[in-house]
There are 2 protein chains.
Amino acid sequence: MLNVSSNPADLLPQARIRLAALELFGQQGFDQTTIRQIATRAGVSPGLVIHHFGSKNDLRQACDDYAYRLFAEERVYLKGSGPMPTLERFMADHPDLQPVLAYLVQCLRGGGEGAERVYRLFCSLSDEMLTEAEQQGLLSLPEDRQAAIAVFAAWAAGLQMLGDLFARQLGGQHISDPDVMRRYAVVTTELLSRGLLSASFTDMLRSVIEPSDHKESNT
Amino acid sequence: MLNVSSNPADLLPQARIRLAALELFGQQGFDQTTIRQIATRAGVSPGLVIHHFGSKNDLRQACDDYAYRLFAEERVYLKGSGPMPTLERFMADHPDLQPVLAYLVQCLRGGGEGAERVYRLFCSLSDEMLTEAEQQGLLSLPEDRQAAIAVFAAWAAGLQMLGDLFARQLGGQHISDPDVMRRYAVVTTELLSRGLLSASFTDMLRSVIEPSDHKESNT
DNA sequence: GTCTATATAATGATAGAC
DNA sequence: GTCTATCATTATATAGAC
């Protein structure tokens with residue numbers, strides 16, 4: 001089991017540096033964070049940061065591996081309490097993992113390979129979660145499973161990326177605020193149970209979208 | 001009407017600089033873009049960039065105003081073709097606006113005031129769009145309208161931020177790829193019409209979420 | 001392992017010629 | 001208005017003492 005909640009002062013300097021970097025990268029982003037800031041927060045000299053990790057980019061890689069393993073190998077997403085464990089609910093129960101999630105969300109923001117890795121992870125975790133719920137008869141996925149999972153992962157990732165903006169729009173401060181989470185849960189439950197679109201509008205959309213098995217009627 | 005599709009070579013240097021900055025900021029982000037890159041793309045000297053705009057930050061502000069006005073004052077989001085004009089569908093019909101949208105999405109990525117402004121714009125446009133559709137009887141929004149609109153805007157914004165990652169997960173290159181758009185439309189239509197959750201699971205979720213009018217039964 | 005001091009590179013911004 | 005040349009700052013990374 002990876003260690004996340006220890007007192008930073010008890011960690012070795014190398015681990016303290018990695019933790020400080022993960023927190024600062026997660027809060028400010030990679031480019032906005034300087035080695036000097038990391039060193040100050042870890043209580044060491046800037047030279048020691050380079051001594052242990054080689055370069056700022058290598059330090060980023062170390063943070064990537066640490067954060068990714070924590071979420072992927074431990075499958076934390078799936079250990080949520082409550083009936084349908086969403087990411088938001090899980091994070092509310094495990095506040096000590098918040099810096100790790102913030103780091104992964106910054107990876108998504110940054111784009112490139114790092115973002116792709118994290119989004120794939122979100123897809124993989126969504127897949128397991130939805131598949132398990134489906135086997136228990138709690139829900140039934142659309143025919144195009146892969147697309148449905150990609151959409152769910154995108155919704156979850158996007159909400160995390162917007163973060164506090166979404167919460168502020170609902171009069172709160174953070175997604176984990178009880179009132180924000182409740183309103184979010186109520187609305188999504190309603191949208192995903194009774195639906196949103198009228199029957200006639202749904203039919204019209206279906207005919208316009210032209211799924212491949214209806215294509216002969218138009219071309 | 002603001003001008004977006006002119007040949008850059010015909011524009012005055014000041015407009016060429018602004019356009020080059022908007023494109024580079026949108027592709028690479030603000031921090032990763034240098035004044036020298038902007039000058040090279042605009043075909044002018046780095047000094048002229050500062051001469052016309054004062055500073056890199058002032059240039060960003062000019063791009064902000066330009067992009068925001070294009071989307072907000074012209075209400076482009078709502079002019080989409082098709083029955084339910086989503087952002088993705090609109091962009092497919094107006095490829096010349098793609099750099100402007102890319103810029104706004106980078107604002108969302110960057111966080112801070114710029115992101116808040118853009119997210120509020122997405123909420124405002126979603127509000128108008130959904131309200132109009134509701135008045136036409138095409139759909140019926142949940143009771144908590146504000147939360148529903150915030151969720152829709154977050155879904156749209158998040159999907160744009162993930163951008164190509166989502167498309168690649170579906171075997172495409174970009175969200176505007178016909179196959180990607182079709183699968184996306186089919187899945188979301190299904191999720192928002194027949195729903196996703198089973199009736200019993202919906203009841204269970206509702207009892208756990210405890211909306212305020214059921215609260216007396218637990219505290 | 002840890003620190004201080006410094007080399008080196010890049011960037012935003014300035015000054016002044018044309 | 002436009003350019004070239006340059007300054008001043010900042011950041012990463014190195015070198016070597018302890």
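Being a predicted model, the structure only gives us computed values, none of them experimental. For the numbers below, each heavy atom of this structure counts, side chains included, while hydrogens, waters and symmetry mates do not. Here is the naming used below: chain letters follow the sequence lines, and residue numbers restart at 1 for every chain.
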Can B:Glu113 and B:Arg117 be counted as an ion pair, charged N to O under 4.0 angstrom?
-> no
Should B:Glu134 and B:Arg145 count as an ion pair when the cut-off is N to O under 4.0 Å?
-> yes
Contact class for B:Pro46 vs. all strands (heavy atom < 4.0 Å): base, sugar-phosphate, or nothing?
-> nothing
Could you check which of C:dC3, D:dT2, D:dT12 has an atom nearest any side-chain atom of B:Pro13?
-> D:dT2
Scan B:His51 against the nucleic acid and name what it touches under 4.0 Å (heavy atoms): base, sugar-phosphate only, or nothing.
-> base
Kindly give the heavy-atom pair with the smallest separation between A:Gln32 and A:Gln37, and that separation in Å.
-> O-OE1, 3.4 Å
State plainly whether the residues B:Arg182 and B:Asp177 are in salt-bridge range, i.e. N to O under 4.0 Å.
-> no
Of the residues in residues 21-30 of chain A, which ones touch DNA chain C at a heavy-atom distance under 4.0 Å?
-> none
Whole-Å gap separating P (C:dG12) and CG (B:Leu48) = 16 Å
Check the side chains of B:Glu88 and B:Gln160 for a donor-acceptor pair under 3.5 angstrom, ignoring hydrogens and angles.
-> yes
Close side-chain approach of B:Leu138 and A:Leu197, heavy atoms under 4.5 Å = no
Exercise: identify the closest heavy-atom pair between A:Ile149 and A:Cys123 | CG2-O, 3.4 Å
Hey, what's the ring geometry for A:Tyr103 with A:Phe25, parallel, tilted or perpendicular (30° and 60° as the breaks)?
-> tilted
State which of C:dC3, C:dA13, D:dT12 makes the closest approach to the side chain of B:Lys56.
-> C:dA13
Can you check the A:Phe53 CZ to C:dG1 C1' distance for me, whole Å?
-> 14 Å
By a strict heavy-atom criterion of less than 4.0 Å, which residues belonging to residues 32-43 of chain A are in contact with DNA chain D?
-> A:Thr33, A:Thr34, A:Ile35, A:Arg36
Atom CD of A:Gln14 and atom P of C:dC3 are separated, to the nearest Å, by 14 Å
Can you tell me the distance, in whole Å, between the CD1 atom of A:Ile50 and the C1' atom of D:dT12?
-> 6 Å
Please confirm whether A:Arg18 makes a cation-pi placement over A:Phe53, using NZ or CZ under 6.0 Å from the six-membered ring centre and within 45° of the ring normal.
-> no
